[in-house]
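Data block below; observations after.
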Amino acid sequence: MVQGGKKSKEYVIIGKGIGFALKDTGVIDADDPRIEKLFRLEDREEWSQYQILLEDIDPKVMRITDEIISDIAREFPGKLNDKIYLALPSHIQFTIFRLRSGMDIVNPFLEETRMTFPKEFEIAYKAAEKISAGFEVQIPEDEVGFLTYHVYSAVSNVPVGQLVKASNIVSDLMDMIRSERKISFEQGSMNHVRLMVHLRFSIERILQGSLIDNPFVKHIKKEYKDEYKLAQRMGKIMQGKLSVDVPEEEICFLAMHLHRLFQTIEKNK
């Protein structure tokens, strides 16, 4: 961690050999060719946590992390969320510790993650191969799902913790639909995937305040009354777990998807 700029702000600098033989009060030129990444976090408490993490992270983990982040940047041009440079190596190091300690890694949201974020999952799978080769550990597919969260978080600026919370909510809502309508749909089927993806991105829009117009609100409330009532109850669950209001437009979109789902299931009986 260094200080610099007119307002003496604190930064993290990443680069091979950048800290070698440098004393606590040493100076690094801004145009030093060894500087590969330079970024800063705004939150003081966050800085303290990451400073401790950086001191404990294996340099080999940092090298592999840099390769993985380069892969992400190639597939998703544009600025990545700076927190990936610290959150990902911390996650990788802990994963290696767990695997070497014989601890199981179980991901209840693996299939949902694979289907919702296919491109990110593919990058995470290649990242797992790099980690396996570098540390001679077998990375289970469940862990690929967790790595996918970090990839998506880096390109979308959605915190990993928020992604996990959304997955839990999606799972609860899917169970509610099955229970209330006494239906079942095959894992990975088109019906299953469509509804799951809609729920996932509906939650994300609600959290980010990125609302979309629904010109069919009146029609949906009139024509799909049962589905609308179920969607309202689901909306209350989302509102309680997310602590934000769920717009009527999202409720009606959900009712529309529920109607499509129930119609398709009925036809296939």
Side-chain angles (χ1 to χ4, degrees), residues 11-16 18 34-43 46 50 53-54 57 60-96 105 107 109-135 139-170 188 193-194 196-212:
Y11 296 82
V12 165
I13 289 177
I14 293 178
K16 294 179 181 178
I18 199 71
R34 294 172 298 172
I35 296 177
E36 298 174 13
K37 304 284 187 308
L38 184 149
F39 56 94
R40 64 187 176 89
L41 301 173
E42 301 292 345
D43 188 85
E46 208 166 31
Y50 282 133
L53 286 174
L54 283 172
I57 290 177
K60 190 174 181 181
V61 169
M62 293 300 293
R63 287 196 296 272
I64 288 179
T65 298
D66 194 52
E67 292 178 17
I68 295 169
I69 291 174
S70 294
D71 292 340
I72 298 172
R74 272 195 302 273
E75 293 296 328
F76 293 95
K79 187 176 181 346
L80 300 180
N81 187 328
D82 286 340
K83 292 182 181 179
I84 187 69
Y85 297 106
L86 299 171
L88 184 56
S90 174
H91 176 83
I92 291 172
Q93 180 143 312
F94 185 53
T95 296
I96 294 167
I105 295 178
N107 188 343
F109 313 118
L110 177 62
E111 290 307 317
E112 179 213 334
T113 304
R114 189 205 308 270
M115 290 182 281
T116 308
F117 310 117
K119 186 174 181 179
E120 292 85 351
F121 190 89
E122 183 179 345
I123 295 172
Y125 192 89
K126 292 177 182 177
E129 291 180 334
K130 290 179 185 291
I131 298 167
S132 292
F135 291 92
I139 303 295
E141 197 168 39
D142 290 64
E143 170 57 23
V144 176
F146 290 127
L147 286 170
T148 301
Y149 283 158
H150 284 274
V151 176
Y152 183 74
S153 179
V155 301
S156 69
N157 292 312
V158 177
V160 172
Q162 187 169 300
L163 292 171
V164 175
K165 176 183 279 190
S167 292
N168 273 296
I169 296 172
V170 168
V193 173
R194 277 178 178 167
M196 190 170 56
V197 170
H198 172 73
L199 289 172
R200 159 69 72 169
F201 289 113
S202 177
I203 290 170
E204 194 166 305
R205 286 194 300 270
I206 292 166
L207 284 169
Q208 294 181 336
S210 176
L211 306 181
I212 53 178

Handout entry: side-chain contact (heavy atoms from CB on, under 4.5 Å) between F109 and N168, intermediate numbers included
Key = CA-CA 8 Å; F109 313 118; N168 273 296; 3.3 Å; yes
When rounded to the nearest 0.5 angstrom, what is the spacing between [atom1] in [X] and [atom2] in [Y]?
{"X": "F146", "Y": "N107", "atom1": "CZ", "atom2": "CG", "result": "3.5 Å"}
{"X": "S153", "Y": "E120", "atom1": "OG", "atom2": "CD", "result": "11.0 Å"}
{"X": "I203", "Y": "I169", "atom1": "CD1", "atom2": "CD1", "result": "4.5 Å"}
{"X": "I72", "Y": "I84", "atom1": "CD1", "atom2": "CD1", "result": "5.0 Å"}
{"X": "F135", "Y": "K130", "atom1": "CZ", "atom2": "NZ", "result": "13.0 Å"}

Is a side-chain N or O of [X] found less than 3.5 angstrom from the main chain of [Y], in a donor-acceptor match?
{"X": "R200", "Y": "T113", "result": "no"}
{"X": "S156", "Y": "Y152", "result": "yes"}
{"X": "K60", "Y": "G134", "result": "yes"}

Exercise for the section: Could you label the plane-to-plane angle of the H150 and H91 rings as parallel, tilted or perpendicular, counting under 30° as parallel and over 60° as perpendicular? Expected result: tilted
Exercise for the section: Applying side-chain contact (heavy atoms from CB on, under 4.5 Å), run through L88 and L147 and close with a yes or a no. Expected result: CA-CA 8 Å; L88 184 56; L147 286 170; 4.1 Å; yes
Exercise for the section: Could you please spell out the steps behind the side-chain contact (heavy atoms from CB on, under 4.5 Å) verdict for M62 and D66? Expected result: CA-CA 6 Å; M62 293 300 293; D66 194 52; over 6 Å; no
Practice task
Check step by step if side-chain contact (heavy atoms from CB on, under 4.5 Å) holds for V151 and F117.
Solution key: CA-CA 10 Å; V151 176; F117 310 117; over 6 Å; no
Given side chains that start at C-beta, do those of [X] and [Y] come closer than 4.5 Å, heavy atoms only?
{"X": "P89", "Y": "Q93", "value": "no"}
{"X": "N157", "Y": "Q208", "value": "no"}
{"X": "I96", "Y": "V61", "value": "yes"}

Looking only at heavy atoms, what is the nearest atom pair of [X] and [Y], with distance?
{"X": "T148", "Y": "A124", "value": "OG1-CB, 3.4 Å"}
{"X": "V197", "Y": "M115", "value": "CG2-O, 4.4 Å"}
{"X": "I105", "Y": "P140", "value": "CB-CG, 4.3 Å"}
{"X": "E112", "Y": "T116", "value": "O-OG1, 2.6 Å"}
{"X": "D82", "Y": "K79", "value": "OD1-NZ, 2.9 Å"}
{"X": "L110", "Y": "E141", "value": "CD1-O, 3.3 Å"}

Practice task
Give a yes or no on whether E122 atom CD has more than 12 heavy-atom contacts from other residues, nucleotides or ligands under 6.0 Å away.
Solution key: no
Exercise for the section: Return yes when atom OH of Y125 has more than 12 non-hydrogen atoms of other residues, nucleotides or ligands closer than 6.0 Å, and no otherwise. Expected result: no
Handout entry: Note: E129-K126 ion pair, threshold 4.0 Å (strictly below)
Key = no
